[in-house]
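Hydrogens, waters and symmetry mates play no part in the numbers below; they use all other heavy atoms, side chains included.
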Amino acid sequence: MEIVLSNCGGVPIYEQIVTQIKKLILTGQLKEGDSLPSMRQLARELEISVITTKRAYEELERQGLITTMAGKGCFVAGVDPEALRERHRLEVEEHLQRAVEAAHAGDVPLDEMEEILRLLFSAQE
């Protein structure tokens with residue numbers, strides 16, 4: 001499992017880990033039952049604090065993507081990718097609704113909103 005961290009862009013390290021592991025699960029590169037590196041091992045490999053990896057794993061578990069078995073480690077949970085994508089779509093819709101409201105309040109036209117969205121989206125790739 002390869003995780004690449006960036007100190008640029010202001011995204012917290014634990015969020016970068018969550019995003020990348022989530023992507024590996026959703027694309028099927030990590031499958032149900034696959035074990036993840038221990039928190040200590042991942043921290044050592046990424047040269048970060050164990051507290052950071054613990055926070056990332058806790059968030060993944062909160063989202064139902066992994067399960068932790070005391071003394072055995074963390075494993076990919078049985079995830080329905082379509083249900084997970086739907087949850088993400090709903091979350092995106094909520095964020096976009098707030099953005100649309102802010103755009104209307106600030107008199108930002110749709111074409112500028114589209115351009116902003118394209119720039120933000122391409123910056124994440």
Of all the heavy-atom pairs spanning Ser38 and Gln41, show the shortest one and how long it is.
OG-N, 2.9 Å

Is it true that Glu94 and Arg98 make a salt bridge, defined as a side-chain N closer than 4.0 Å to a carboxylate O?
no

Set out, in order, the CA-CA distance, both residues' side-chain angles and the distance that settles salt bridge (charged side-chain N to carboxylate O under 4.0 Å, His left out) for Glu59 and Arg62, then state yes or no.
CA-CA 5 Å; Glu59 178 60 23; Arg62 187 188 67 73; 2.5 Å; yes

Count the heavy atoms belonging to other residues, nucleotides or ligands that lie under 6.0 Å from CG of Asp107, then report whether that count exceeds 12.
no

Side-chain heavy-atom pair Glu115, Glu112 within 4.5 angstrom cut-off:
no

Count the heavy atoms of every other residue, nucleotide or ligand shown that sit under 6.0 Å from CG of Leu117, and state whether that count exceeds 12.
yes

Please find the pair of heavy atoms, one from Met113 and one from Val100, that lie closest to each other, and give the distance.
CE-N, 4.5 Å

Quick one: are Leu42 and Ile3 in side-chain contact, heavy atoms under 4.5 Å?
yes

Do Leu60 and Val50 share a hydrophobic cluster, counting only Ile, Leu, Val, Met, Phe, Trp and Tyr and linking them when any side-chain heavy atoms are less than 4.5 Å apart?
yes

For residues Lys31 and Asp34, determine if any side-chain heavy atom of one lies less than 4.5 Å from a side-chain heavy atom of the other.
yes

Please examine the side chains of Ile21 and Val76, heavy atoms only from C-beta on, and report whether any two atoms are closer than 4.5 Å.
no

Kindly give the heavy-atom pair with the smallest separation between Gln16 and Val4, and that separation in Å.
OE1-O, 4.0 Å

With no hydrogens and no angle check, is any side-chain donor or acceptor of Lys72 less than 3.5 Å from a backbone partner on Met69?
no

Working to the nearest 0.5 Å, report the span between OH of Tyr57 and CD1 of Ile66.
6.5 Å

Evaluation steps, salt bridge (charged side-chain N to carboxylate O under 4.0 Å, His left out), between Glu86 and Arg89
CA-CA 5 Å; Glu86 185 58 30; Arg89 283 186 203 108; 3.0 Å; yes

Side chains of Ser49 and Tyr14: does their closest heavy-atom pair fall under 4.5 Å?
no

As a quick check of understanding, evaluate side chain to side chain contact (heavy atoms under 4.5 Å, CB included) for Thr19 and Val11, giving each step before the final call.
CA-CA 10 Å; Thr19 300; Val11 178; 6.0 Å; no

Treat each ILVMFWY residue as a node, draw an edge where side-chain heavy atoms are under 4.5 Å apart, and state whether Met39 and Phe75 are in one component.
no

Test log, rule side-chain hydrogen bond (donor to acceptor under 3.5 Å, both in side chains), inputs Glu93 and Gln97:
CA-CA 6 Å; Glu93 285 179 22; Gln97 181 60 44; over 6 Å; no

Measure across Ile17 and Ala56 and return the closest heavy-atom pair with its distance rounded to 0.1 Å.
CG2-CB, 3.7 Å

In Å and rounded to the nearest 0.5 Å, what is the CD to CG distance from Glu114 to Leu119?
12.0 Å

Would you say Glu47 has more than 12 foreign heavy atoms packed within less than 6.0 Å of its CD?
no

Does Val18 form a side chain to side chain contact (heavy atoms under 4.5 Å, CB included) with Gln63? I'd like the steps, not just the answer.
CA-CA 10 Å; Val18 168; Gln63 292 181 23; 4.1 Å; yes

I need the minimum non-hydrogen distance between Ser6 and Cys8, along with the two atoms involved.
OG-N, 3.1 Å

His88 and Lys22: CA distance, side-chain angles, deciding distance, side chain to side chain contact (heavy atoms under 4.5 Å, CB included) verdict:
CA-CA 11 Å; His88 286 286; Lys22 185 187 300 186; 2.9 Å; yes

Side chain of Thr52, backbone of Ile48: donor and acceptor closer than 3.5 Å?
no

Would you kindly confirm whether Leu65 and Met1 end up in one hydrophobic cluster when ILVMFWY residues are joined by side chain heavy atoms under 4.5 Å apart?
yes

Does Ile13 reach the side chain of Leu46, with side-chain heavy atoms less than 4.5 Å apart?
no

Nearest heavy-atom contact between Glu2 and Gln20 is O-OE1, 4.1 Å

